[in-house]
Amino acid sequence: MRIFISIIVASILFVNQSNAQEKISPESIQAKMQWFQEAKLGIFIHWGIYAVKGVDESWSFYNNLIPYKEYMSQLNGFTASKYNPAEWADLVQQSGAKYAVMTTKHHDGVALWNTKEDHYNVVRNTPAKKDLLKPFFDELRKRQLKVGTYFSLIDWSRNDYDQFRKDSVRYKLKDQPARWDHFKKFFQSQINEISELYNPDLFWFDGDWEHNADEWESIKVRSNILAKNPNAIINGRLAGYGDYVTPEQNIPVSKPAYNWWELCMTINNNWGFQFRDTNWKKPNEIITLFADVVGNGGNLLLDIGPKEDGTIPEEQKNVLNELGKWNKKHNRAIFGTIAGIPKGHFYGPTTLSKDSSSLYLFLQAQTSGPIMIKGLVNKIKEIKVVGKEVNLNHKVVGKISWSPVPGLVFIDVPVGQVDPYMTVLELKLEGPVKLYAGHGGFN
Ligand code: GLC
């Protein structure tokens, strides 16, 4: 929330800044963003020592909910003993997601790889004793899935980082510039290590709100990444130098203004695993919001939080599996589509085929009986229930022969055709979709 507004504002600026910097043509950005735009669904994974006691990732000590020492004692309990990266990758793939983003280091500073830097990492400092990133990224790539690395710019465990807990600051940058330089060198080296070791398709930064672009040296961070991989995509949390917008937990009601966007969202209330958090979102709720995001031209980055031993809670698996089954059934209405028609024509999410000649309507769970579309100028060639491939009839009501204003389209959806989560109708139109959005009457 704290960053939602600033991200939206920053997003208007950032692409201009970064493009001017790199002299990228609109066509080459489009080419680089293509897979992302088509992905629609990614799986976010927050895994770290915070899963041992099941406390807020990093924030629990920052907000003084638990002493720092006790928080860090979780290092001793982080085993990854049942970690099965192939199973994780299978789960991601079965959900229908086209990419996964995994925490490489959260604000607590604990790296999930064997960083060369003199700082906490799971290989040196936990019983897990191994690089947890590589095997998973390898499994993703085997399945042609894209690899994303979450990296926190903030590192509250570093003595050369200025912030620590919400009520304690270590130093002021202007008083100790050399100390800040030391930190910059450190975090940028870690990013370079990630580039070298894993060559991610997507860099997912977090925590930029604690400093500005000059302090982070966003331009340098961005250009180092692109020097290694010009096709790497960077999320919108590099203080103005990312490629797309990242609203967090807050579902946009209207279509975000920027070309590419991604809603990141938890399955319960928290990013990491927490024993006490049982507020699971239901498959129906996730599917409804997923359709809404895709209808608005965005991606959903849906988070799971594995336990310290690497097992994924059943409730999370269940949501991903149900979402996967639904995606499979409705594949063509989601993947390979573009954002739908403007609001007001149909009461629910919509998407369009790339040539705009098929319109997909997403019906709220259990909706049957007549549904209605307003202002559709095109003739409808055919209506199908997606996944069942049953044809439906329609009726045009209120079309006046001498008026160009289209009538209302009513489609009767039989109870027997209804999907338990969301039914999708495909309207094959004569030509690309054409809409009437006027005030009625004579003009
Ligand atoms: C936030 C939080 C963090 C979480 C992230 C995911 O900004 O600081 O705990 O990892 O969002 O988007």
Side-chain angles (χ1 to χ4, degrees), residues 1-11 36 41-66 68 71 74 97 99-112 132-133 148-158 161 163-166 187 190 194 200 202-212 216 233-240 242-252 256 260-274 277 281 286 289 293 298-306 316:
M1 174 60 203
R2 63 197 161 272
I3 41 177
F4 183 68
I5 296 184
S6 60
I7 285 172
I8 292 289
V9 173
S11 69
F36 182 81
L41 180 65
I43 301 300
F44 212 173
I45 302 173
H46 275 69
W47 198 25
I49 62 168
Y50 35 85
V52 174
K53 285 180 186 280
V55 292
D56 292 351
E57 69 291 343
S58 313
W59 291 99
S60 49
F61 69 81
Y62 179 88
N63 289 327
N64 292 323
L65 300 173
I66 171 174
Y68 177 70
Y71 180 93
Q74 295 177 105
Y99 63 108
V101 178
M102 177 156 167
T103 45
T104 63
K105 181 180 95 161
H106 206 264
H107 315 328
D108 60 13
V110 182
L112 270 71
L132 299 176
L133 302 174
T149 46
Y150 167 106
F151 180 87
S152 169
L153 299 164
I154 292 174
D155 194 324
W156 290 324
S157 283
R158 289 282 297 192
Y161 188 69
Q163 308 292 316
F164 181 33
R165 287 187 299 248
K166 66 174 180 188
F187 91 83
Q190 283 203 320
I194 292 173
L202 168 61
F203 282 80
W204 212 101
F205 289 111
D206 195 20
D208 62 347
W209 60 86
E210 286 199 349
H211 292 282
N212 63 34
W216 293 122
I233 294 176
I234 299 169
N235 78 329
R237 299 194 186 174
L238 191 54
D243 295 312
Y244 68 85
V245 208
T246 56
E248 171 179 329
Q249 300 282 33
N250 300 289
I251 301 159
W260 301 286
W261 66 278
E262 176 196 60
L263 172 71
C264 55
M265 170 69 79
T266 52
I267 290 188
N268 48 356
N269 290 344
N270 289 281
W271 299 102
F273 172 70
Q274 299 209 11
D277 183 356
K281 296 181 183 73
I286 295 284
L289 83 87
V293 166
N299 288 356
L300 175 66
L301 183 62
L302 183 61
D303 182 73
I304 56 172
Q316 301 190 351

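First listed ligand is number 1; within each ligand, the first listed atom is number 1.
Across H46, H107, R237, heavy-atom proximity to atom 10 (O) of ligand 1 is greatest for H46.
When each atom of ligand 1 is checked for a heavy atom of W59 under 4.0 Å away, the hits are 2 (C), 3 (C), 8 (O), 9 (O). Atoms of ligand 1 found under 4.0 Å from any heavy atom of W209 (numbered from 1 in listed order, with element): 7 (O), 8 (O). Atoms of ligand 1 lying under 4.0 Å from any heavy atom of E57, numbered from 1 in the order shown and given with element: 3 (C), 9 (O). Those atoms of ligand 1 with a heavy atom of H106 less than 4.0 angstrom away are 3 (C), 4 (C), 9 (O), 10 (O). For ligand 1 and W204, the ligand atoms under 4.0 Å from any heavy atom of the residue are 12 (O). For ligand 1, the atoms closer than 4.0 angstrom to any heavy atom of F44 are 6 (C), 12 (O). Remark: ligand 1 atoms within the under-4.0 Å shell around heavy atoms of C264 are 12 (O). With ligand atoms numbered from 1 in the order given, ligand 1 contributes 1 (C), 7 (O), 11 (O), 12 (O) to contacts under 4.0 Å with heavy atoms of E248.
Side-chain polar atoms of D56 and Q274 form a donor-acceptor pair below 3.5 angstrom. Using modelled atom types, one finds a donor on one side chain and an acceptor on the other under 3.5 Å when comparing H107 with S152.
Residues W260 and F36 place their aromatic rings such that the two centres sit no closer than 6.0 Å. In summary, the aromatic rings of F44 and W271 are positioned with their centroids under 6.0 Å apart.
The aromatic rings of F205 and F203 sit parallel to each other, their planes meeting at less than 30°, with 60° as the upper class boundary. Classified by interplanar angle (parallel below 30°, tilted 30° to 60°, perpendicular above 60°), the ring pair F61/Y71 is perpendicular. Aromatic ring orientation, Y150 versus H106: parallel (interplanar angle below 30°, classes split at 30° and 60°).
Among pairs with a residue in residues 99-111, those fulfilling salt bridge (charged side-chain N to carboxylate O under 4.0 Å, His left out) read K105-D155, at least two apart in sequence or across chains.
Of all the heavy atoms of Y62, none lies under 4.0 Å from any atom of ligand 1, so neither backbone nor side chain is involved. No part of Y50 comes within 4.0 Å of ligand 1, judged by heavy-atom distances. At a heavy-atom distance under 4.0 Å, no atom of T103 approaches ligand 1.
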